Amino acid sequence: VQLQASGGGLVQAGGSLRLSCAASGRTSSNSVMGWFRQAPGKERELVAAINRSGGSTRYADSVKGRFTISRDNAKNTVSLQMNNLNTEDTGVYYCAASGSYSIITRAYDYWGQGTLVTVSS
């Protein structure tokens with residue numbers, strides 16, 4: 001599975017951004033998809049995950065109610081709508097694919113290149 005993330009940028013606190021991830025490869029539509037982020041000096045953490053059908057999602061407590069993950073299997077894309085952003089959301093965001101519906105980073109086998117999100121106060 002090959003993953004290409006896009007949509008990052010600079011936004012003021014309280015603003016919104018939408019990240020997109022284009023997936024390709026034989027098993028992309030059969031993969032669980034996740035968005036992770038890594039802030040400077042911190043470990044990579046799961047932000048949101050979505051199962052194969054798109055019928056089930058999981059979120060980090062810090063983003064619940066603000067972020068929404070979705071997927072379009074016909075287009076092989078996964079999106080992360082981020083609203084009411086705050087400075088703690090700053091980091092590099094990665095999309096990733098897994099064979100299991102997991103919140104554990106090491107369960108994800110395929111990673112995109114990352115896109116930087118910077119939230120200014």
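It should be emphasised that the depicted structure is a prediction, and the values quoted were computed from it without experimental measurement. Note that the numbering runs from 1 along the sequence shown for the chain.
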Would you sort out whether Phe36 and Val47 count as a side-chain contact (heavy atoms from CB on, under 4.5 Å), showing the intermediate values?
CA-CA 5 Å; Phe36 292 75; Val47 174; 5.6 Å; no

Evaluate side-chain contact (heavy atoms from CB on, under 4.5 Å) for Met82 paired with Arg66, printing each intermediate quantity in order.
CA-CA 6 Å; Met82 305 186 294; Arg66 300 188 297 121; over 6 Å; no

Is there a side-chain hydrogen bond (donor to acceptor under 3.5 Å, both in side chains) between Ser31 and Tyr110? Walk through the geometry before answering.
CA-CA 10 Å; Ser31 296; Tyr110 303 96; over 6 Å; no

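The two residues Val117 and Asp89 make their nearest non-hydrogen contact at CG1-O, 4.3 Å. Shown here for Met33 and Cys21, the closest heavy-atom pair between the two residues is CE-SG, 4.4 Å.
If you chain together hydrophobic residues whose side chains sit under 4.5 Å apart, Leu116 and Trp111 fall into the same group. Ile103 and Tyr101 end up in the same hydrophobic cluster when Ile, Leu, Val, Met, Phe, Trp and Tyr side chains are linked at under 4.5 Å.
When side chains are defined from C-beta on, Ser6 does not count as touching Thr115, because their heavy atoms never get closer than 4.5 Å.
Annotation: the span from Gln81 atom CD to Ser79 atom OG amounts to 8.5 Å, rounded to 0.5 Å. Taking OG1 of Thr77 as the reference point, atom CG of Leu3 lies at 12.0 Å (rounded to 0.5 Å). To the nearest 0.5 Å, atoms CZ (Arg71) and OG1 (Thr57) are separated by 12.0 Å. Within the model, atoms OG of Ser70 and CD1 of Ile50 stand 6.0 Å from one another, a figure rounded to the nearest 0.5 Å. Taken from OG in Ser120 to CG in Leu85, the straight-line distance is 10.5 Å, to the nearest 0.5 Å. One finds the OG1 atom of Thr118 at 13.0 Å from the CD atom of Gln12 (value rounded to the nearest 0.5 Å).
The environment of Glu45 atom CD is dense: over 12 non-hydrogen atoms of other residues, nucleotides or ligands sit within 6.0 angstrom.
Here the rule is side chain to side chain contact (heavy atoms under 4.5 Å, CB included) with Arg37, and of Leu46, Thr90, Val63, Leu19 only Val63 fits it.
A side-chain donor-acceptor contact under 3.5 Å links Gln113 to the backbone of Ala5. Judged by distance alone, the side chain of Ser100 and the main-chain N or O of Ser102 form no donor-acceptor pair under 3.5 Å. No side-chain donor-acceptor contact under 3.5 Å links Asp72 to the backbone of Asn76. Judged purely by atom type and a 3.5 angstrom limit, Asn86 has no side-chain atom pairing as donor or acceptor with the backbone of Ala13. Not a single donor-acceptor pair under 3.5 Å links the side chain of Thr87 to the backbone N or O of Ser121.
Figure legend: Arg44 and Tyr94 shown as a cation-pi pair, the cationic atom lying under 6.0 angstrom from the six-membered ring centre and within 45 degrees of its axis.
Asn83 and Ser16 share a side-chain donor-acceptor pair at under 3.5 Å.
Annotation: Trp35 is not in aromatic contact with Phe67 [ring centroid separation under 6.0 Å not met].
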